[in-house]
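Single-structure report; data block below.
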Amino acid sequence: MSRTESPSLQPTASLAGLEDGFARRFSYLRLSLTERCNFRCTYCLPNGFEKRRGLTEELSSAEMVRAVTAFARLGLWKVRLTGGEPTVHSDFIAITQAVAEVPGIRRVAMTTNGYRLAREAQAWRAAGIDAINVSIDTLEPERFARITGHDRLDQIVTGIDRALTLGFAAVKVNSVLMGDLDDAEWARIRAFVSGRPVAWRFIELMRTNDNVALHSRDARPAEMVRTRLVREGWVARPREPGAGPSTDYAHPDHAGTIGLIAPYSEGFCDSCNRLRLSSRGKLHLCLFGDGGIDLRPLLQDDAQGDELVATICKAMPMKRQGHRLHEGDSGATPHLASIGG
Ligand code: SAM
Ligand code: SF4
């Protein structure tokens, strides 16, 4: 069967769990709270957040909680709050608390640009956040400012150090791989993880509809980092069942790990365990698919719960076996902020 061929279209999801036509089970929802963001990352929102024309309003907090409740009824137990920048949502704390209280949800994680981390990590922890991913594409302050539009690297690193004192189950760094990794940057990253129990993960730059030129110029394969890791004595950790897409490498001289997330690598989609709900209420079965399945009409009243669950179940067999990024097909995704990266 080709990478993208559909299997039989019999619904396979049931109240016992979410499963697609390729026997992948889904335990994890990425919930985009908002498409808005205060940063201007060159590969994502280079001109800053601009309202896209003709779109519906973003979901209300009550609609989001109804959606999470339906997924939890189907056995999904982990939610990541993302965006855009989730922390610019004025109800971020209230949404976190409500999601953490949904029966069946055992872990609430978030992905953030770290802008508010130093100041608010404690409040987020108290609200129910268990794990944090922070985005840092470079540890060179000027390059950081050029990529994000904000000269705030020190503040974000301070936030990470603060988070490390607060008992989160995990503090990770997402770092998009752009251009060649020079020796000075590599030395800074090694120093960063040598004393901190942080998982630094390089992510291959993914092509979206808005970053085609940047992607063709700056994308580099994760293999480039793997070669370096192996040469310097880092050892791949065995992947735990149900783990995310990262392969993490450890070294006896370092408290933290360095990992690779390689969406362009063969077999990357085989272990996919996540679904996405955009801030407009669309269920996305893949980061790079079509326009998504509109769940909003079924998020208006608690009494619609059974119909919502049935609609999600019916959607599962439509999930394709893999994305088509290799073919230069980014689906309908203008940038990852639009869908909850
Ligand atoms: N604003 C938050 C942040 O930056 O962490 C959360 C949303 S952001 C879309 C989530 C993650 O996607 C970030 O780590 C970001 O670096 C990553 N990302 C965005 N666009 C990407 C792309 N084209 N390829 C790979 N990673 C990307
Ligand atoms: Fe904002 Fe995150 Fe996109 Fe950067 S990657 S522009 S911080 S949504």
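Note that ligands are numbered from 1 as they come in the structure, with each ligand's atoms numbered from 1 the same way. Only this structure's heavy atoms are used, side chains among them; waters, hydrogens and symmetry mates stay out.
Listed by chain and number, Cys37 SG are the protein N/O/S atoms closer than 2.8 Å to atom 1 (Fe) of ligand 2, with waters left out.
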Which donor-acceptor pairs under 3.5 Å do the side chains of residues 115-122 make with protein atoms, sequence neighbours left out?
from	atom 1	to	atom 2	distance (Å)
Glu120	OE1	Trp124	NE1	3.4
Gln122	OE1	Arg162	NH2	2.8

Short N or O contacts of ligand 1 with protein, under 3.5 Å, listed by atom name?
from	atom 1	to	atom 2	distance (Å)
ligand 1	1 (N)	Gly84	O	3.0
ligand 1	1 (N)	Glu85	OE1	3.1
ligand 1	4 (O)	Ser135	OG	3.3
ligand 1	5 (O)	Thr112	O	3.2
ligand 1	5 (O)	Ser135	OG	2.5
ligand 1	14 (O)	Ser135	OG	2.7
ligand 1	14 (O)	Asn174	ND2	3.1
ligand 1	16 (O)	Tyr43	OH	3.0
ligand 1	23 (N)	Met206	O	2.9
ligand 1	23 (N)	Asn211	ND2	3.4
ligand 1	24 (N)	Met206	N	2.8

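Taking the side chain as every heavy atom from C-beta outward, Asp210 and Tyr43 never approach each other to under 4.5 Å. For the pair Met110/Thr82, no side-chain contact is recorded, criterion being any heavy-atom separation below 4.5 Å from C-beta on. Val235 has its side chain out of reach of His251: every pair of non-hydrogen atoms, C-beta onward, lies at least 4.5 Å apart.
A salt bridge links Glu232 and Arg190; the closest N-O separation between the charged side-chain nitrogens and carboxylate oxygens is under 4.0 Å. Contact check on Arg36 versus Glu85 returns no salt bridge, with no Lys/Arg side-chain nitrogen under 4.0 Å from an Asp/Glu carboxylate oxygen.
Among all heavy-atom pairs drawn from Arg66 and Asp301, the shortest one is NE-C, 3.5 Å.
The side chain to side chain contact (heavy atoms under 4.5 Å, CB included) search around Asn174 returns Thr111, Asn133, Ser135, Arg201, Ile203, not counting sequence neighbours.
Atom CZ of Arg237 has 12 or fewer neighbouring heavy atoms from other residues, nucleotides or ligands inside a 6.0 Å radius.
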